[in-house]
Amino acid sequence: MSSRPFPSPASDEVIGALERTGYLLEQRVASKVRSAGFTTITGKAFMDPDEGKSREIDIFAVKKLWEDSAQRIVVSLQLVIECKRSDGPYVALGRDPEAVDKYRQPHSHTMPVEFIRWLEFLPDGAARQRGMQSWGWLGFHELPGSPNLDIRKGLQLIRMNLRGKEWVADNSSIFESLTLPLMKAVEAFRPQRDRNPEPKSAHLCLSFPIVVTSGELFYVNGESETPISERTDWVSLERDVDMRSMKGLFNLDVVAFPALERYLQERVLLFSEAVVAKISQEPEKLKKRELDARQSGE
């Protein structure tokens with residue numbers, strides 16, 4: 001057996017190895033999130049709501065935005081982040097938003113009361129039950145920074161790999177490595193609702209599932225007759241999922257790391273502050289389940 005000591009790596013070799021794993025990207029993202037005023041945890045564990053085993057999300061960050069202790073109403077903000085170091089770019093393939101996209105609540109956010117209902121009287125004297133998502137009733141869809149105002153809608157996230165001299169598109173592991181962990185974490189960290197007919201408390205939790213990539217980010221409108229690839233700083237994606245813990249449309253934002261600070265300011269904090277400004281005027285609306293009966297057309 002040789003007695004020669006095992007060689008020690010030089011500093012730049014250690015840093016290079018860490019860069020390739022993505023650990024340094026995770027720490028840099030956490031630092032920027034912390035600087036934006038969030039309490040930040042890296043390697044946050046949670047219980048998989050489907051499989052009953054422990055999983056881990058790269059970064060979990062929380063921030064209390066507003067509270068009315070007398071009425072037991074809280075507005076909070078959380079970020080659920082997966083970091084992805086990549087030598088190649090990511091491409092979001094999408095389409096133009098439809099009319100329903102301008103009103104629908106993103107699944108990740110937790111409204112204290114999901115739907116508001118009322119009785120509507122018709123001209124012939126008959127009555128019918130009406131309702132809408134509380135998100136739209138409160139006007140969150142039209143606030144500055146609202147995801148409902150996006151002009152792009154991503155549907156698929158694709159990684160570009162350079163093989164020889166040719167770029168190859170691949171999304172074979174995107175769902176398992178990115179979408180699934182984020183989706184499960186959002187459900188695991190979702191606050192419980194007061195489901196009493198007349199809620200005594202209300203917790204509005206704005207939750208942003210985010211993928212931060214070190215690579216470039218592009219967007220392609222797949223519905224265009226002449227599609228082109230456009231470089232972008234961030235883009236929202238929507239995926240249809242059917243699992244035990246969640247069924248429906250799941251939303252997440254993909255952000256290029258150099259644009260992270262601007263994304264936090266122009267998307268997350270701008271929208272969150274607008275929500276607080278609106279709710280603080282009439283906080284009791286967060287506990288509202290039913291409106292007074294009204295005539296058709298009112």
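The residues of the chain are indexed from 1 along the displayed sequence.
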Non-hydrogen side-chain atoms of Arg128 and Arg130 separated by less than 4.5 Å: yes
Lys64 backbone acceptor or donor facing Ser76 side chain under 3.5 Å: no
What's the verdict on ring-ring contact (aromatic ring centres under 6.0 Å, His included) for His109 and Phe140, showing C-alpha distance, side-chain angles and the deciding distance? CA-CA 11 Å; His109 306 304; Phe140 290 177; 8.9 Å; no
Closest heavy-atom contact between Gln129 and Leu119? OE1-CD1, 3.9 Å
First locate atom CG of Leu204, then atom NZ of Lys285, and finally report the distance between them rounded to the nearest 0.5 Å. 14.0 Å
Nearest heavy-atom approach of Lys32 to Leu264 is O-CD1, 4.1 Å
Apply the hydrophobic cluster definition, ILVMFWY joined by side-chain contacts under 4.5 Å directly or through others, and give me every member besides Leu162. Val91, Leu93, Ile158, Met160, Trp167, Phe218, Val220
Test item: Ser280 side-chain N/O and Ala277 main-chain N/O as donor-acceptor pair under 3.5 Å: yes
What one should report as the nearest heavy-atom pair of Pro147 and Arg267 is CA-NH1, 3.0 Å
Do Asp48 side-chain atoms and Ser54 backbone N/O form a donor-acceptor pair below 3.5 Å? no
Working to the nearest 0.5 angstrom, can you tell me the gap between Glu26 CD and Ser214 OG? 12.5 Å
One thing to verify: whether Glu187 and Arg190 come together as a salt bridge, which I'm taking to mean a side-chain N less than 4.0 angstrom from a carboxylate O. yes
For Arg239 and Thr179, run side chain to side chain donor-acceptor pair (under 3.5 Å): C-alpha distance rounded to whole Å, both residues' side-chain angles, the deciding distance at 0.1 Å, then the answer. CA-CA 8 Å; Arg239 294 297 307 272; Thr179 307; 4.5 Å; no
Could you tell me whether Glu56 atom CD has more than 12 heavy atoms of other residues or ligands within 6.0 Å of it? yes
Quick one, Thr42 and Ile59 - any side-chain contact, counting heavy atoms below 4.5 Å? yes
Residues clustered with Ile228, ILVMFWY side-chain links under 4.5 angstrom: none
With a 4.0 Å cut-off, would you call Asp96 and Lys153 a salt bridge? no
Could you report the tightest heavy-atom contact between Pro283 and Asp68, atom names first, then the distance? CG-OD2, 4.1 Å
How long is the gap from CZ on Arg163 to CG on Asp170, to the nearest 0.5 Å? 6.5 Å
Check whether Leu65 and Leu138 end up in the same hydrophobic cluster, where Ile, Leu, Val, Met, Phe, Trp and Tyr are linked by side-chain heavy atoms less than 4.5 Å apart. yes
Are Arg231 and Asp233 ion-paired here, with the side-chain N under 4.0 Å from a carboxylate O? no
Would you find a donor on one side and an acceptor on the other, under 3.5 Å apart, between the side chain of Lys287 and the backbone of Lys200? yes
So Val235 and Leu217, do their side chains get closer than 4.5 Å, heavy atoms only? yes
List the steps and the verdict of side-chain contact (heavy atoms from CB on, under 4.5 Å) for Lys63 and Leu269. CA-CA 11 Å; Lys63 185 177 187 179; Leu269 296 177; 4.0 Å; yes
The complete set of ring-ring contact (aromatic ring centres under 6.0 Å, His included) pairs with one or both residues in residues 185-207, sequence neighbours excluded, reads Phe46-Phe189, Phe60-Phe189
Glu114 and Arg193: salt bridge (charged side-chain N to carboxylate O under 4.0 Å, His left out), yes or no, with the steps? CA-CA 10 Å; Glu114 296 176 273; Arg193 296 183 176 97; 3.7 Å; yes
Student check: side-chain heavy atoms of Tyr103 and Gln133 closer than 4.5 Å: no
Is it true that Leu270 and Ile279 fall in one hydrophobic cluster, defined by side-chain heavy atoms closer than 4.5 Å? no
Through direct or indirect side-chain contacts below 4.5 angstrom among Ile, Leu, Val, Met, Phe, Trp and Tyr, which residues connect to Met47? none
Before accepting this row, confirm whether a basic side-chain N of the pair Glu198/Arg289 lies closer than 4.0 Å to the acidic partner's carboxylate O. no
Is it true that Glu290 and Arg117 have a side-chain N and a carboxylate O under 4.0 angstrom from each other? no
So, is the end of the Lys288 side chain (NZ or CZ) under 6.0 Å from the ring centre of Trp137 and within 45° of the ring's axis? no
Kindly compute the distance separating CG (Leu237) from OH (Tyr90), expressed to the nearest 0.5 Å. 12.0 Å
Under 3.5 Å, is there a donor-acceptor pair between the side chain of Lys44 and the main chain of Ala61? no
Using side chain to side chain donor-acceptor pair (under 3.5 Å), reason through Asn171 and Gln156 one step at a time and then give a plain yes or no. CA-CA 8 Å; Asn171 75 337; Gln156 291 280 350; 3.1 Å; yes
Met111 side chain reached by Gln105 side chain, heavy atoms, under 4.5 Å: yes
So, are Lys102 and Glu98 salt-bridged, with charged N and O less than 4.0 Å apart? no
Cluster link Leu286 to Trp66, ILVMFWY, side chain under 4.5 Å: yes
Which residues end up grouped with Val113 if you chain together Ile, Leu, Val, Met, Phe, Trp and Tyr wherever their side-chain heavy atoms are less than 4.5 Å apart? none
Side chain of Ser108, backbone of Ser207: donor and acceptor closer than 3.5 Å? yes
List the steps, then state whether side-chain contact (heavy atoms from CB on, under 4.5 Å) holds for Thr40 with Arg34. CA-CA 6 Å; Thr40 305; Arg34 196 175 294 114; 3.9 Å; yes
Apply side-chain contact (heavy atoms from CB on, under 4.5 Å) to residues Val212 and Ile81 and explain how you reach the verdict. CA-CA 7 Å; Val212 178; Ile81 305 174; 3.9 Å; yes
Please examine the side chains of Cys205 and Gln78, heavy atoms only from C-beta on, and report whether any two atoms are closer than 4.5 Å. yes
Under 3.5 Å, side chain of Asn148 to main-chain N/O of Arg104, donor-acceptor pair present? yes
Between Glu230 and Arg152, is there a side-chain N and carboxylate O pair less than 4.0 Å apart? yes
Shared ILVMFWY cluster between Phe175 and Leu178, side chains joined below 4.5 angstrom? yes
Minimum-distance pair of heavy atoms, taken over all atoms of Glu284 and Ile73: N-CD1, 4.3 Å
Quick one: which residue pairs count as a ring-ring contact (aromatic ring centres under 6.0 Å, His included) with a foot in residues 239-293, not counting sequence neighbours? Trp135-Phe271, Trp234-Tyr263
Reference residue Val268; test side-chain contact (heavy atoms from CB on, under 4.5 Å); the match among Asp253, Leu77, Val33, Leu206: Leu77
Least distance between heavy atoms, Leu157 atom then Ile174 atom: O-CG1, 3.4 Å
Between the side chains of Ser172 and Arg159, is a donor N or O closer than 3.5 angstrom to an acceptor N or O? no
Using the rule that Ile, Leu, Val, Met, Phe, Trp and Tyr join whenever any side-chain heavy atoms are under 4.5 Å apart, tell me whether Val74 and Leu79 fall into a single cluster. no
